[in-house]
Amino acid sequence: VVEMRTNVIHTVGMKDLKLAIPQLEQMINRESNPIVLMAIVDALGRMSHPEAIELLRKLSNHTYPIIRSRARYILDKKLRMSIS
């Protein structure tokens, strides 16, 4: 069920669970549902780990334009926050 999966992904991002990053990466590699992928992008954007940034970089080249755009937006936002 998509809603259940997106809720779990949202919780992972809110709790900044580093241990979940490998599972998120597996989901990125297998997932085709843009709603779930968008939830992953947003969760990674909330996380503070370098591995999350690397996955966002990977998603910034995704085949879905909406995923690419959101990942690039979050990366840009994180970069601006780190410079400030």
Side-chain angles (χ1 to χ4, degrees):
V1 177
V2 172
E3 289 95 17
M4 217 160 92
R5 290 170 55 204
T6 56
N7 284 339
V8 170
I9 293 165
H10 175 77
T11 302
V12 164
M14 293 301 290
K15 293 187 178 241
D16 200 10
L17 298 175
K18 183 178 182 178
L19 290 173
I21 291 176
Q23 285 78 18
L24 291 176
E25 184 172 18
Q26 285 180 358
M27 289 178 78
I28 290 166
N29 293 332
R30 296 180 183 163
E31 189 60 55
S32 62
N33 186 323
I35 294 169
V36 174
L37 287 166
M38 189 66 78
I40 293 171
V41 169
D42 289 340
L44 291 169
R46 290 184 188 94
M47 298 175 92
S48 62
H49 309 289
E51 299 88 349
I53 299 294
E54 288 306 312
L55 288 180
L56 282 169
R57 284 192 179 116
K58 179 178 180 177
L59 287 163
S60 73
N61 294 309
H62 197 274
T63 55
Y64 291 156
I66 189 84
I67 303 303
R68 264 195 322 262
S69 174
R70 183 73 177 160
R72 289 174 184 171
Y73 172 78
I74 290 172
L75 283 169
D76 184 52
K77 187 175 171 182
K78 282 186 166 286
L79 178 63
R80 280 187 272 128
M81 285 177 32
S82 69
I83 293 173
S84 300

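Predicted model, so just to flag it, every value in this text is computed and none were measured.
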*Can you name the nearest heavy-atom pair linking S32 to Y64, along with the distance?*
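That would be O-OH, 2.7 Å.
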
_Minimum heavy-atom separation for R57 and N61, please, with both atom names._
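What the structure gives for the nearest pair is O-ND2, 3.6 Å.
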
_For I66, is there any backbone N or O sitting under 3.5 Å from a side-chain donor or acceptor partner on S69?_
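No, S69 side chain to I66 backbone: no donor-acceptor pair under 3.5 Å.
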
*Rest of the hydrophobic cluster containing L79 (Ile/Leu/Val/Met/Phe/Trp/Tyr, side-chain heavy atoms under 4.5 Å)?*
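Its cluster partners, ordered by chain and number, are I83.
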
_Residue pair H10 / D42, side-chain donor-acceptor N/O under 3.5 Å_ =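 Looking only at side-chain atoms, D42 and H10 do not form any donor-acceptor pair under 3.5 Å.
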
Find the distance between [atom1] ([X]) and [atom2] ([Y]) and round it off to the nearest 0.5 Å.
X   : Y   : atom1 : atom2 : result
H62 : R70 : NE2   : CZ    : 15.5 Å
L55 : M47 : CG    : CE    : 9.0 Å
K78 : R46 : NZ    : CZ    : 10.5 Å
I74 : K77 : CD1   : NZ    : 7.5 Å
I40 : I67 : CD1   : CD1   : 8.5 Å

Could you list the donor-acceptor pairs under 3.5 angstrom formed by side chains in residues 17-29, with sequence neighbours left out?
unit_1	atom_1	unit_2	atom_2	d
N29	OD1	K58	NZ	2.4
N29	ND2	E25	O	3.3

*Any chain of hydrophobic side-chain contacts (each under 4.5 Å) joining V41 to M14?*
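They do not share one cluster, since no chain of ILVMFWY contacts under 4.5 Å joins V41 to M14.
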
*Which residues pass the side-chain contact (heavy atoms from CB on, under 4.5 Å) test with S60, sequence neighbours left out?*
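With sequence neighbours excluded, S60 shows a side-chain contact (heavy atoms from CB on, under 4.5 Å) to A71, R72, L75, given in chain and number order.
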
*Considering only heavy atoms from C-beta outward, does the side chain of R68 approach that of L59 to under 4.5 Å?*
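The answer is no; the side chains never approach within 4.5 Å.
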
